[in-house]
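Quick notes on the structure that follows.
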Amino acid sequence: MSQEINSVTEFIHVVSGLNSGLVRSGDQLMQDYGLTNARWRVMQAIQRGGEQTVARIARAIGLKRQGVQRIVNELEQEGFVRLIDNPDHKRARLVQPTAAGAAALEAVGRRYDGWADALETRFSRDRLDRLTRDLRALQELVG
């Protein structure tokens, strides 16, 4: 195996571990509010895009529609979102946050901001911007 492949493999392991750590940290930050990373991503997509279908939410966050539907069903059962009729489509209902969902998002946002600010003190803004650009470029290459 060439040195380049070893470098790529090591990079993949590090990024995978980073992702796992971020998901764990996020779940811990949000657990008091009944959210997980996956639920938070769905709620943020709804907040950013307004009322929208499950399929549109899935496209916005890069997940499969079936997985997002499962999350939306859980969020609805727990009172974070409601499904309303879609005037443009009989079967594809629109997902809308409830007051409880909006309040949970706001509370998690405050907690997340403090956590992110603490992480940001460990790296310069320039370094984080460079890392982000590099990771986006790699993301485009691998899909």
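Note that the structure is predicted; figures quoted are calculated from it, not measured.
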Does D27 reach the main-chain N or O of T36 with its side chain, forming a donor-acceptor pair under 3.5 Å?
no
Cationic N near anionic O, under 4.0 Å, R70 to E74
yes
I'd like to know if I61 and V108 are part of one continuous hydrophobic network [Ile/Leu/Val/Met/Phe/Trp/Tyr, side-chain heavy atoms within less than 4.5 Å].
yes
Provide the closest heavy-atom pair for L94 versus P87 in the form atom of the first, atom of the second, distance.
CD1-CD, 4.3 Å
Here the pair of heavy atoms bringing P97 nearest to I46 is CD-CG2, 3.3 Å
Does any non-hydrogen side-chain atom of L138 lie less than 4.5 Å from one of F11?
yes
Quick one: does any side-chain atom of S25 pair with a main-chain N or O of G21 as donor and acceptor, under 3.5 Å?
yes
Would a distance-only check, ignoring hydrogens and angles, find a side-chain to backbone donor-acceptor pair under 3.5 Å from R111 to L29?
yes
Under 4.5 Å between any side-chain heavy atoms of V95 and L83, yes or no?
yes
Side-chain donor or acceptor of R39 paired with backbone N/O of G34 under 3.5 Å:
yes
Looking only at heavy atoms, which two atoms of G26 and N37 are closest? And how far apart?
CA-ND2, 3.6 Å
For Q69 and N73, does a side-chain donor sit closer than 3.5 Å to a side-chain acceptor?
yes
Please report the shortest heavy-atom distance between R41 and L63, naming the atom on each side.
NH1-CD2, 4.2 Å
